[in-house]
Amino acid sequence: MDQQHISGYFDYNATTPICSDVIDSMVPAMKLFANPSGNNRHSQTIKKTINEARQNVAQLLQTQVSNIFFTSGGSEANNWAIKGVLFKHIDKPGHIITTEIEHASVLDTVKYFADTFGFEVTYLKPKKDGAIDVSDLENALQDNTQLITIMYANNETGVIQSIEKMATITSARKIPFHVDAVQLVGKRKINVEKLGIDYLSLSAHKFYGPKGVGSLYIKDIDSIEPLIHGGGQEFSMRAGTENLVTIVGLSKAAQRVTESVEQWDSDNWQCKQHLVALLEASPLKIKFNGSTDYSNSLSNTLNIAIDGIRGESLMLQMELIYGFIISVGSACSNNKTINLSHVLQAMNINETDIQSSIRISFGRFTQLEDIEKFVTALVSAVEQLLAISTGY
Amino acid sequence: MDQQHISGYFDYNATTPICSDVIDSMVPAMKLFANPSGNNRHSQTIKKTINEARQNVAQLLQTQVSNIFFTSGGSEANNWAIKGVLFKHIDKPGHIITTEIEHASVLDTVKYFADTFGFEVTYLKPKKDGAIDVSDLENALQDNTQLITIMYANNETGVIQSIEKMATITSARKIPFHVDAVQLVGKRKINVEKLGIDYLSLSAHKFYGPKGVGSLYIKDIDSIEPLIHGGGQEFSMRAGTENLVTIVGLSKAAQRVTESVEQWDSDNWQCKQHLVALLEASPLKIKFNGSTDYSNSLSNTLNIAIDGIRGESLMLQMELIYGFIISVGSACSNNKTINLSHVLQAMNINETDIQSSIRISFGRFTQLEDIEKFVTALVSAVEQLLAISTGY
Amino acid sequence: MYNDIIIDNFTNPQKVGDIALANCEFEIGNPVCGDRIKIQLMVENNTISEARFRAWGCATSIATANLFCESIEGKTTSDINQKNDQDIESMLGQLEPSQHHCVHILKELHQQLVVQANAGAQ
Amino acid sequence: MYNDIIIDNFTNPQKVGDIALANCEFEIGNPVCGDRIKIQLMVENNTISEARFRAWGCATSIATANLFCESIEGKTTSDINQKNDQDIESMLGQLEPSQHHCVHILKELHQQLVVQANAGAQ
Ligand SMILES: Cc1ncc(COP(=O)(O)O)c(C=O)c1O
Ligand SMILES: Cc1ncc(COP(=O)(O)O)c(C=O)c1O
């Protein structure tokens with residue numbers, strides 16, 4: 001996608017346009033070719049570069065460099081946190097708490113421990129507004145609870161969980177608490193130490209950095225095993241010659257977030273308010289999926305069901321005719337079955353509404369006038385689809 | 001390290017200079033920002049790019065695209081193969097065969113299964129020439145052997161193992177055979193299907209590609225579990241938004257290897273013969289660690305013990321005074337202990353010889369005249385060190 | 001993804017609508033996927049002179065409905081009856097696994113057409 | 001890695017050699033690491049007028065030996081005796097964990113010097 005299409009891009013939660021500063025930082029890094037683990041002066045340069053990157057990520061989360069570990073992205077970070085903690089209990093499988101609305105890299109990993117090793121799992125269910133009740137978490141705790149893993153903000157609805165309140169409970173009971181913050185980092189400020197959690201995942205491509213690189217914050221390295229064993233990289237916690245080019249990109253992206261996240265968030269919030277107002281004033285019959293207010297949802301995300309259309313058709317219409325990219329709550333899948341969003345299902349949204357749901361997510365390159373053009377296009381596209389289905 | 005220093009770089013086994021074609025291929029990929037898992041046309045472009053990369057790696061190994069899975073490098077590929085196979089047996093831990101000379105990402109992973117889950121391990125010992133006796137492997141087989149993991153070429157000595165002969169035995173007994181080919185790929189031709197092994201690891205930064213990206217070849221995906229669970233990427237075998245930029249780099253690097261590996265190998269072999277001849281004609285007192293002939297060792301690697309000096313001092317001397325980068329067989333470590341190469345120890349080389357050992361590894365940018373300059377520098381550097389130690 | 005046949009038929013469907021005096025009409029639905037398609041035809045002398053559709057469903061099913069109407073206009077029912085499964089499958093071009101249910105939709109449309117047209121003829 | 005103090009003393013060691021008429025001489029070794037250093041001194045009126053070394057070992061230990069000789073030439077044994085552990089540690093600059101054994105080497109060189117010089121004086 002080139003830059004001229006960015007104004008039509010409303011799928012920032014899937015991935016973000018890479019920022020030109022980030023690209024500029026990565027180009028020279030491609031030529032730094034010494035092995036970071038080497039003993040010569042060229043290796044030294046690279047070690048320093050990696051350490052600066054670690055510093056930038058630490059600053060982003062307001063923590064120390066010794067708590068930041070680079071990974072190949074959010075999925076690896078999630079897998080690492082869950083597996084790294086649970087394999088320590090493999091001889092005595094206990095209880096895991098998570099939610100029904102996690103990302104596949106959490107759900108599938110938790111399921112793996114349940115199916116293969118016999119761990120017991122409690123899946124917390126969100127309320128209609130998408131939020132998990134803190135008291136539900138409290139009630140789910142067992143003496144043998146070995147890990148809690150809950151996402152900070154949901155990728156589909158943008159709904160934000162009360163992680164800070166949850167952490168008060170988990171830390172009082174000293175139960176390891178992992179937070180998948182892949183969707184929050186870059187959109188809201190985080191102070192991970194004040195938050196009081198044990199592990200936090202982030203992924204650069206969700207905040208204008210490159211794909212395939214992320215970090216896991218680890219409060220106490222003795223509490224977790226490596227996912228990738230081997231050499232001395234990452235304080236001997238994650239083997240593998242470092243992906244220097246994308247780590248440098250992550251570094252620059254993290255720096256930008258630290259500087260600008262509040263500005264971006266306030267711009268996004270303006271866009272979102274405008275979007276909501278325009279949609280409500282439009283002829284479209286809309287339901288909002290999950291909270292839309294500032295403190296309970298991301299400022300860049302809106303998930304809506306539009307009466308009378310199928311999300312998937314609307315998505316293609318919006319792309320092919322109007323040049324807007326959005327995402328959907330359901331898609332056809334193989335074998336004639338339909339793939340309904342597990343997140344919307346968990347919120348007890350009915351099947352027809354899920355099939356007519358779309359996710360609109362924008363970001364720092366989105367202008368207020370892009371929002372206006374977007375709504376105009378959306379209204380036309382829906383009208384066209386309705387015209388095709390009139391009579392149904 | 002910039003290009004002008006490449007003629008002094010003799011540490012290609014640690015990492016290789018990235019090739020300018022590879023850089024050129026990566027730059028435009030940085031701007032392709034759609035999510036490869038998305039449903040829009042931009043995503044399509046990226047899927048195609050990733051698929052082309054898979055094709056190039058498949059071609060490099062002479063296999064099918066459906067057998068190639070991208071990883072964050074050689075260490076992840078090794079971890080994946082070992083853990084992915086052994087976790088299938090976690091309820092009935094059996095027997096593993098490996099060697100004493102593997103890379104840390106294999107040794108530490110195998111040790112993890114021995115220490116944590118009670119697997120039994122046989123560590124095969126190489127002969128003085130660095131090679132594992134095929135009959136030793138045959139004798140080590142047990143009825144409950146669940147995995148064999150043996151490296152193709154050793155990173156320190158360049159010694160090549162008889163993988164093809166070994167595979168005849170393992171495939172007849174249907175025992176999964178993983179081969180860490182990180183050091184062989186890019187130096188010799190591989191036909192992985194003809195070889196008859198089950199898993200093979202490779203890493204782009206060892207053949208003029210970027211760091212932090214590699215692949216695992218998997219013959220039968222039902223034989224192995226994912227290491228990173230989650231989304232549908234990599235045929236649902238390895239979750240995580242793909243590291244597009246470095247996958248594109250791997251792709252180009254793989255393509256170059258397929259085209260040129262024989263030429264590079266023959267150039268390297270010329271360099272190596274010249275190097276050996278010059279060293280033998282020099283006043284240095286030298287022992288060769290491991291085989292040096294064409295069929296039993298890589299054409300780009302030479303590991304030698306030089307009488308009367310300490311490898312570590314020589315390495316620094318070579319770098320600081322002469323601008324040559326080499327590697328050593330031992331280094332000081334914390335707590336006053338010495339870190340002797342586990343590879344050279346396994347070959348029964350005595351401690352003094354290990355301490356005076358260096359690894360010389362070169363590659364496609366090395367000229368015959370660089371070899372000459374190198375030996376001249378080496379002779380002077382050794383003389384200077386000998387002058388300091390005279391009397392000892 | 002979506003091939004050009006699907007894209008053309010979806011973004012610019014020429015056969016959307018109703019035929020006030022339709023003499024043949026049928027509906028099909030996919031209970032799992034929820035796609036619904038209604039076809040109205042004007043059949044004169046065993047020839048389909050006009051075909052229109054209404055649809056609610058995924059983009060590929062809408063495209064399928066349009067393509068179906070386009071392909072049968074001007075044809076006789078026996079022309080259509082001669083199409084075998086392969087002919088029908090190839091009409092939609094290369095599909096992703098998640099779009100394969102539209103092959104079944106297209107087959108069902110053909111079957112229904114033959115059934116209904118024969119019924120009308122009796 | 002190697003700091004500038006280590007690099008200077010290692011790449012351009014001024015004090016390598018033997019003193020034919022040395023009146024003070026001692027050796028130290030690190031049995032684990034294998035580093036070996038021999039020091040020869042010319043001591044006149046309690047002042048070290050000349051210091052030379054021979055060494056086999058890692059780069060940092062060679063640098064340490066040279067630095068030691070440089071630092072004691074022209075000094076009296078009581079000057080040297082006054083150095084505390086901190087003074088000695090700081091001589092080598094910032095070190096990596098793997099280089100820390102050279103702090104012990106440097107301390108041992110100082111201790112041996114005092115012992116030997118006192119022995120000579122008696
Ligand atoms: C033999 C061998 N295996 C595995 C690796 C690890 O590969 P990577 O550096 O891509 O993690 C290396 C390189 O360091 C190696 O030499
Ligand atoms: C909430 C959440 N967690 C984890 C991930 C996975 O991150 P990555 O794409 O870096 O593997 C994503 C993004 O897809 C996400 O939205």
Side-chain angles (χ1 to χ4, degrees), chain A residues 1-2 5 11 14-18 23 26-27 30-42 72-76 78-79 87 90 103-106 108-109 112 116-117 203 205 210-213 225 227-231 239-247 315 319 325 327-328 331, chain B residues 1-2 5 11 14-18 23 26-27 30-42 72-76 78-79 87 90 103-106 108-109 112 116-117 203 205 210-213 225 227-231 239-247 315 319 325 327-328 331:
Chain A
M1 204 171 321
D2 43 45
H5 291 117
D11 201 19
T15 195
T16 54
I18 192 162
I23 294 182
M26 286 162 73
V27 174
M30 292 194 298
K31 288 177 196 160
L32 291 175
F33 81 80
N35 192 318
S37 299
N39 273 310
N40 54 68
R41 282 190 294 179
H42 306 294
S72 67
S75 297
E76 185 191 326
N78 286 343
N79 270 257
F87 274 131
I90 205 74
H103 186 261
S105 56
V106 167
D108 288 6
T109 307
Y112 174 65
T116 314
F117 304 112
S203 178
H205 78 100
K211 292 176 220 323
V213 65
E225 283 174 5
L227 178 67
I228 301 178
H229 286 82
T241 299
E242 296 85 343
N243 193 310
L244 184 75
V245 176
T246 54
I247 285 175
M315 175 180 76
E319 177 182 354
I325 308 286
S327 228
V328 289
Chain B
M1 205 172 320
D2 44 44
H5 290 117
D11 202 18
T15 196
T16 54
I18 191 163
I23 294 182
M26 286 163 73
V27 173
M30 293 195 297
K31 287 175 195 160
L32 291 175
F33 81 80
N35 192 317
S37 298
N39 272 310
N40 55 67
R41 280 189 296 180
H42 307 295
S72 67
S75 296
E76 185 190 325
N78 286 343
N79 271 256
F87 275 131
I90 204 76
H103 187 260
S105 56
V106 167
D108 288 5
T109 306
Y112 173 64
T116 313
F117 304 111
S203 178
H205 78 99
K211 291 176 221 320
V213 64
E225 284 175 4
L227 178 67
I228 301 179
H229 285 82
T241 299
E242 296 86 342
N243 194 310
L244 183 75
V245 177
T246 54
I247 286 175
M315 175 180 74
E319 176 182 355
I325 308 287
S327 227
V328 290

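First the proteins, then the strands, lettered A, B, ... as listed; each starts at 1.
- A donor-acceptor pair under 3.5 Å links the side-chain atoms of A/K211 to the main chain of B/F33, judged by distance alone.
- The closest donor-acceptor contact from the side chain of B/K31 to the backbone of A/P17 lies at 3.5 Å or more, if one exists at all.
- Annotation: maximal heavy-atom pairing with chain A below 4.5 Å, among B/G230, B/S105, B/A239, B/S203, occurs at B/G230.
- In this structure, the side chain of A/N35 engages the main chain of B/A14 through a donor-acceptor pair within 3.5 Å.
- Considering only heavy-atom pairs separated by less than 4.5 Å from chain B, the leading option among A/T16, A/L227, A/D11, A/I90 is A/L227.
- The contact between A/N79 and chain B is made entirely by side chain atoms (from C-beta outward), counting heavy-atom distances below 4.5 Å.
- With respect to chain A, the highest number of heavy-atom pairs below 4.5 Å among B/S75, B/G240, B/P36, B/S37 belongs to B/S75.
- Across all non-hydrogen atoms, the minimal contact from A/I18 to B/M30 is CG2-O, 3.0 Å.
- Of the N and O atoms on the side chains of B/T109 and B/N78, not one donor lies less than 3.5 Å from an acceptor on the other residue.
- Looking only at heavy-atom pairs under 4.5 Å with chain A, the residue among B/T246, B/V27, B/V213 that has the most is B/T246.
- Residue B/E242 touches chain A through its backbone alone, counting heavy-atom pairs closer than 4.5 Å.
- In terms of non-hydrogen atom pairs under 4.5 Å with chain B, the most contact-rich of A/G38, A/A104, A/S327, A/P210 is A/A104.
- Between B/N243 and A/G212, the shortest heavy-atom contact is ND2-O, 3.0 Å.
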